[in-house]
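First up is the structure itself, then whatever we jot down about it.
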Amino acid sequence: MVVVTVCVGSSCYLRGAHKIAEAFEAAILRHGLRGRVELQGAFCMNRCLEGVAVAVNGEPLPRVTEGNVEDLFCTYVVRR
Ligand code: FES
C-alpha cells in the first residue's frame, strides 16, 4: 500500500490543498489504483512555506501544484 498524505493545515488549505487532494484522488482513479493507494490528510507537516505539503510513504514531494500532480504521481506512486 502506498500512502499519499496531503497537508490540510491552515496554511496549505489556504494555498489550495483541497484542490491538490482532489487531483491526487483523480489520479488514483485514472490509474486504476484504488485499494492500492491510500489518500489521507494531515495537519501541518512543518513545511508551510513550501506550498501545499504532500508526502508519499512519508517522503516529502517537491513543490506540488495542480499542474504537476500527474507527473509527480507517475514518478512517486505509479513507478513504485
Ligand atoms: S499547514 Fe501544511 S505544512 Fe504547515
Side-chain angles (χ1 to χ4, degrees):
M1 175 69 77
V2 177
V3 178
V4 177
T5 306
V6 178
C7 179
V8 293
S10 56
S11 176
C12 290
Y13 181 80
L14 291 173
R15 293 171 198 257
H18 58 293
K19 290 184 178 176
I20 297 296
E22 288 173 1
F24 273 100
E25 179 66 29
I28 291 168
L29 297 176
R30 190 166 49 251
H31 288 274
L33 293 173
R34 178 177 261 173
R36 296 174 59 194
V37 178
E38 178 183 334
L39 182 63
Q40 66 181 19
F43 292 105
C44 193
M45 296 162 70
N46 298 316
R47 295 168 49 214
C48 305
L49 300 179
E50 300 176 26
V52 177
V54 180
V56 174
N57 287 348
E59 177 186 355
L61 299 190
R63 182 173 285 273
V64 180
T65 66
E66 283 185 80
N68 69 6
V69 165
E70 177 65 18
D71 286 346
L72 291 172
F73 190 85
C74 286
T75 299
Y76 290 89
V77 178
V78 174
R79 294 181 189 151
R80 283 184 179 240

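Just follow the structure's listing: the first ligand is 1, and inside any ligand the first atom is 1. Keep in mind that the numbers below use all heavy atoms, side chains included, and drop hydrogens, waters and symmetry copies.
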ask   = Does the pair Asn46 and Cys44 meet the rule for a side chain to side chain contact (heavy atoms under 4.5 Å, CB included), with working shown?
value = CA-CA 5 Å; Asn46 298 316; Cys44 193; 4.0 Å; yes
key: CA sep, side-chain torsions, deciding dist, call: Arg63, Arg47, side chain to side chain contact (heavy atoms under 4.5 Å, CB included)   = CA-CA 10 Å; Arg63 182 173 285 273; Arg47 295 168 49 214; over 6 Å; no
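- Partners of Ala42 by side chain to side chain contact (heavy atoms under 4.5 Å, CB included), not counting sequence neighbours, listed by chain and number: Thr5, Met45.
- Only protein N, O or S atoms were considered, and those under 2.8 Å from atom 2 (Fe) of ligand 1 are Cys7 SG, Cys12 SG.
- Of the residues listed (Val3, Leu29, Val77), the one engaging Val37 in a side-chain contact (heavy atoms from CB on, under 4.5 Å) is Val77, and it is the only one.
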message = Run the side chain to side chain contact (heavy atoms under 4.5 Å, CB included) test on Val8 and His18 for me, step by step, so that the C-alpha distance in whole Å, both residues' side-chain angles and the decisive distance to 0.1 Å come before the verdict.
response = CA-CA 7 Å; Val8 293; His18 58 293; over 6 Å; no
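- The distance from the CD atom of Gln40 to the SG atom of Cys7 is 11.5 Å, given to the nearest 0.5 Å.
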